[in-house]
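Presented below is the structure to which this report refers.
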Amino acid sequence: LKNPLSVIIAQLEVALDQKRDTEDYQATLKSVLEDSRELSEVTEKLLQLAKVHSEGADIRFERVRLDELMLQTRASLLRLHPNYKVSFDIIGIPEDEEQLVVHANEPLLRSAFQNLMDNGCKFSPEKKVDVKIHFDACGKHRVEISDRGPGIAAKDLQLIFQPFYRSSQSIHVKGSGIGLSLVDSIMKIHQIGMDVDSVQGKGTTFKLSFPAVAA
Ligand SMILES: Nc1ncnc2c1ncn2[C@@H]1O[C@H](COP(=O)(O)OP(=O)(O)OP(=O)(O)O)[C@@H](O)[C@H]1O
Ligand SMILES: [Mg+2]
């Protein structure tokens, strides 16, 4: 895991070591801004991972509309990456709005979905994921996040949820390997089941299944 702050410091030191023209300063600021954004993303993930592990059972849950949470997640991902594409398919929308509500920690669940959508987009050449939400009257909703990217080798499937693990075929893509370990912890505290179907060269689908709501 490289330290983005050391890169930022080095760039600022070079910029300040002699007088430069405006374009040089602008180029440095642009680059420093990019590295700061990256650092902010990693820091946010590490703080969330620490929160899940330190607070565990004390994490607050609230009523959250699953369809709205997913749409907001897409919106914030597209703000960060305007070149990504996220298609949505909602199956079995219930008449009773109450059935769209799940019991969740909103920022954490949103972050988990954002990580899965981000992975699907950033690793696939078309930069696109398809999200399907199947609503279930008993609360056992299912969410599928699929991409047509490179897929994950069978030997890597048990490793991808380990903190900092990145497969050798992803080294050219930016990332720190924290995302899926955070997703795994967040799904566990929500008792949401998670399965991965992946075929190399064809793509990957993360399948999530919500627990039944107690009657
Ligand atoms: N949809 C996917 N398609 C192909 N490989 C994937 C996919 N999702 C995850 N992986 C593999 O699993 C590894 C771990 O994923 P994870 O989200 O934890 O890390 P990252 O995306 O590399 O970094 P970060 O999420 O911290 O920015 C990735 O580096 C990649 O090798
Ligand atoms: Mg990731």
Side-chain angles (χ1 to χ4, degrees), residues 1-8 33-53 70 73-74 76-89 107-133 142-190 192-209:
L1 191 65
K2 75 174 185 333
N3 174 357
L5 260 186
S6 60
V7 183
I8 292 172
L33 179 63
E34 207 174 288
D35 288 324
S36 304
R37 287 205 169 115
E38 208 182 304
L39 178 63
S40 170
E41 260 186 66
V42 177
T43 308
E44 188 62 37
K45 282 183 194 164
L46 286 172
L47 287 174
Q48 288 189 333
L49 199 60
K51 179 183 168 78
V52 175
H53 286 272
M70 300 296 286
T73 306
R74 168 170 69 174
S76 52
L77 182 66
L78 295 183
R79 260 196 307 278
L80 283 173
H81 304 279
N83 59 326
Y84 284 4
K85 293 175 263 321
V86 180
S87 83
F88 250 97
D89 205 353
L108 289 178
L109 195 58
R110 186 200 294 239
S111 160
F113 284 128
Q114 187 163 330
N115 273 293
L116 292 174
M117 292 181 199
D118 177 53
N119 280 350
C121 291
K122 80 174 173 180
F123 291 116
S124 61
E126 56 182 4
K127 301 280 169 272
K128 177 170 190 285
V129 282
D130 296 321
V131 178
K132 281 198 185 116
I133 314 176
R142 286 178 294 123
V143 174
E144 290 185 9
I145 299 177
S146 316
D147 65 67
R148 285 184 287 268
I152 301 167
K155 67 166 176 48
D156 285 338
L157 277 178
Q158 69 244 22
L159 303 173
I160 53 174
F161 297 107
Q162 289 180 9
F164 309 112
Y165 181 80
R166 307 197 72 222
S167 91
S168 51
Q169 57 179 18
S170 332
I171 35 176
H172 57 284
V173 183
K174 274 195 179 165
S176 51
I178 304 168
L180 281 181
S181 65
L182 179 62
V183 171
D184 186 48
S185 305
I186 292 173
M187 294 307 171
K188 282 190 176 129
I189 60 162
H190 286 88
I192 297 172
M194 180 162 59
D195 280 313
V196 192
D197 276 353
S198 191
V199 180
Q200 278 212 284
K202 291 247 188 271
T204 305
T205 300
F206 282 82
K207 296 182 171 179
L208 307 160
S209 40

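Because the structure is a prediction, the values reported are computed rather than measured. Counting convention: from 1, in listed order, for ligands and their atoms alike.
- A side-chain donor-acceptor contact under 3.5 Å links Lys85 to the backbone of Glu126.
- At least one side-chain heavy atom of Tyr165 sits less than 4.5 Å from a side-chain heavy atom of Ser167.
- The protein non-hydrogen atom at the shortest distance from atom 24 (P) of ligand 1 is Lys45 NZ, 3.3 Å.
- Not a single heavy atom of Ser124 sits less than 4.0 Å from an atom of ligand 1.
- Residue-to-ligand polar distances keep Gly175 apart from ligand 1: every N/O pair is separated by 3.5 Å or more.
- Inclusion of Asp118 in the set of residues having an N or O under 3.5 Å from an N or O of ligand 1 is not warranted.
- Side-chain polar atoms of Ser146 and Asp130 form no donor-acceptor pair below 3.5 angstrom.
- Residue, atom and distance of the protein heavy atom nearest to atom 13 (C) of ligand 1 are Tyr165 O, 3.7 Å.
- When hydrogens are left out, the protein atom nearest atom 26 (O) of ligand 1 is Ser176 OG, 2.7 Å; that is the closest non-hydrogen contact.
- Side-chain contact between Asp147 and Phe123 is absent, with no heavy-atom pair separated by less than 4.5 Å.
- Contact between Ile186 and Ser111 at its shortest, heavy atoms only, is CD1-OG, 4.3 Å.
- For the pair Val86/Thr73, no side-chain contact is recorded, criterion being any heavy-atom separation below 4.5 Å from C-beta on.
- Closest to atom 22 (O) of ligand 1, if we only count protein heavy atoms, is Arg166 NE, 2.6 Å.
- Minimum interatomic distance between His53 and Ser185 (heavy atoms only, all atoms of both residues): NE2-OG, 3.2 Å.
- Nearest to atom 1 (N) of ligand 1 by heavy-atom distance, out of Thr204, Asp147, Val183, is Asp147.
- When only interatomic distances are considered, the shortest N/O to N/O separation between Ser167 and ligand 1 falls below 3.5 Å.
- No side-chain donor-acceptor contact under 3.5 Å links Lys122 to the backbone of Val173.
- What sits closest to atom 5 (N) of ligand 1 on the protein, heavy atoms only, is Ile152 CG1, 3.4 Å.
- A 4.5 Å side-chain heavy-atom check between Asp118 and His81 finds at least one atom pair inside the cut-off.
- For ligand 1, the atoms closer than 4.0 angstrom to any heavy atom of Gly151 are 4 (C).
- Between Ile178 and ligand 1, a contact under 3.5 Å exists for at least one N or O pair.
- Neither the backbone nor the side chain of Val173 comes within contact range of ligand 1; no heavy atom lies under 4.0 Å.
- Arg142 is not listed as a side-chain neighbour of Lys207, based on a closest heavy-atom distance of 4.5 Å or more.
- Using a 4.0 angstrom heavy-atom cutoff, Lys122 counts as in contact with ligand 1.
- For the Mg ion (ligand 2), the set of nearby N, O or S atoms under 2.8 Å includes one belonging to Asn119.
- Within the 4.5 Å cutoff, the side chain of Leu116 has heavy atoms near those of the Leu180 side chain.
- Among protein heavy atoms, atom 7 (C) of ligand 1 sits closest to Phe123 CD1, 3.6 Å.
- Scanning all protein heavy atoms for the shortest distance to atom 19 (O) of ligand 1 gives Gly177 CA, 3.2 Å.
- Atom CE of Met194 and atom CZ of Phe161 lie 4.0 Å apart (nearest 0.5 Å).
- For Leu180, heavy-atom contacts with ligand 1 shorter than 4.0 Å involve the backbone as well as the side chain.
- Among protein heavy atoms, atom 12 (O) of ligand 1 sits closest to Ile160 CG2, 3.3 Å.
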